[in-house]
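Everything on this sheet refers to the single structure shown next.
Computed from a predicted structure; not experimentally measured. Each chain gets a letter, A, B and so on, in the order its sequence line appears, and its residues count up from 1.
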2 protein chains.
Amino acid sequence: MDEIDRMLISLLQDDATRSYAVLGKAVGLSSGAAHERVRKLRERGVIRRTTVEVDQAALGRGVTAYVLVDGESWMGDSGAALAAIPEVEEAHVIAGPASVLLKVRTGGTRDLQDVLRRVFQVEGVTGTRTIVVLDTLVDRALK
Amino acid sequence: MDEIDRMLISLLQDDATRSYAVLGKAVGLSSGAAHERVRKLRERGVIRRTTVEVDQAALGRGVTAYVLVDGESWMGDSGAALAAIPEVEEAHVIAGPASVLLKVRTGGTRDLQDVLRRVFQVEGVTGTRTIVVLDTLVDRALK
DNA sequence: AGTGAAAGGGTAGGTAA
DNA sequence: TTACCTACCCTTTCACT
């Protein structure tokens, strides 16, 4: 993990369709060498996967919300139960004023209400507090 | 935006290195037709960009935190001021128990403290509450 | 770990059905 | 929209440095 690896990752984060020829030129290496470095970064799991960023609103998910979930015991399969809710994009165990923090995307406030109902049915959940996103100022990949 | 478009997006979210030949076969179209559909999805902004998912911990950002920011007036360039902090991955204007919610990634708690200091220096900020992530149960792309 | 070249496959663009 | 064709670029591999 030297400076060149970091540059390659940054370039790919910005646009993963770049060819190895372009990448190599950008970091001062040959196409083959750039390819080999990226291959190793994938192999080591530093680069998890190549994906596309989708405009959620265009797919009918216009509402984003964070849900603070209070619970008693967070052992076992609570994670699996939350993962089973398709609208849950992220779920984090947290230190602070709740047990778990969810990031949820739905088509509207009606669907959000339905998601909250399903969260409440997960074993151990004693309460939820919901934060609705009004506007997103920043949403980017860190370098 | 029909069912085929949705399938193509889902396939690309899963692995954007798939060739158009493979994509076409998966949705029952020719390579050319699949290519044309994806091109239009990009053009319309449904697909924002192609990128790589990076293991942040492997890049020395092992601590994730959410910061609830209280403030007086959130007009003007507060967004720009927050975007200027490189550790800020997301910033949302929210309805609920604060004005703005930040997602922050740092190398350690020491750096987190430093970020909080910089957030406090943004004009209009009157207070912050920090939620540290202990474990991430779910982190995925929604279909 | 990187270079350079060769071979094969995929992509992109055009045209016709 | 599909099918076909073509030119070209890129990926991938390998021997050599």
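Residues from residues 29-41 of chain A that place a heavy atom under 4.0 Å from any atom of DNA chain C, listed by number: L29(A), S30(A), A33(A), R37(A), K40(A).
Axis angle, first five pairs versus last five pairs of the helix from dA1(C)-dT17(D) to dA17(C)-dT1(D): 30°, rounded to 10°.
Ion pairing between a basic and an acidic side chain is recognised when a charged N comes within 4.0 Å of a carboxylate O; D114(B) and R110(B) show no such pairing. Contact check on E36(B) versus R39(B) returns a salt bridge, with a Lys/Arg side-chain nitrogen under 4.0 Å from an Asp/Glu carboxylate oxygen. Salt-bridge check for E90(B) with K103(A): passed, with a basic side-chain N closer than 4.0 Å to an acidic carboxylate O.
Taking atom CG of residue L23(B) and atom C1' of nucleotide dG10(C), one finds them 12 Å apart after rounding to whole Å. If you measure from atom OH of Y20(A) to atom P of dG10(C), you get 15 Å, rounded to the nearest angstrom.
Between the R37(A) side chain and the L8(A) main chain, no donor and acceptor come within less than 3.5 Å of each other. The backbone N or O of R61(A) lies less than 3.5 Å from no partner atom in the side chain of R105(A), so there is not a single donor-acceptor pair. A donor-acceptor pair is defined here as one N or O able to donate and one able to accept, closer than 3.5 Å; no such pair exists between the side chain of T136(A) and the backbone of V138(A).
Taking the six-membered ring where the residue is Trp, Y66(B) and H92(A) present tilted rings, their angle falling between 30° and 60°.
Rounding to the nearest 0.5 Å places CD of Q13(A) at 8.0 Å from CG of L142(A).
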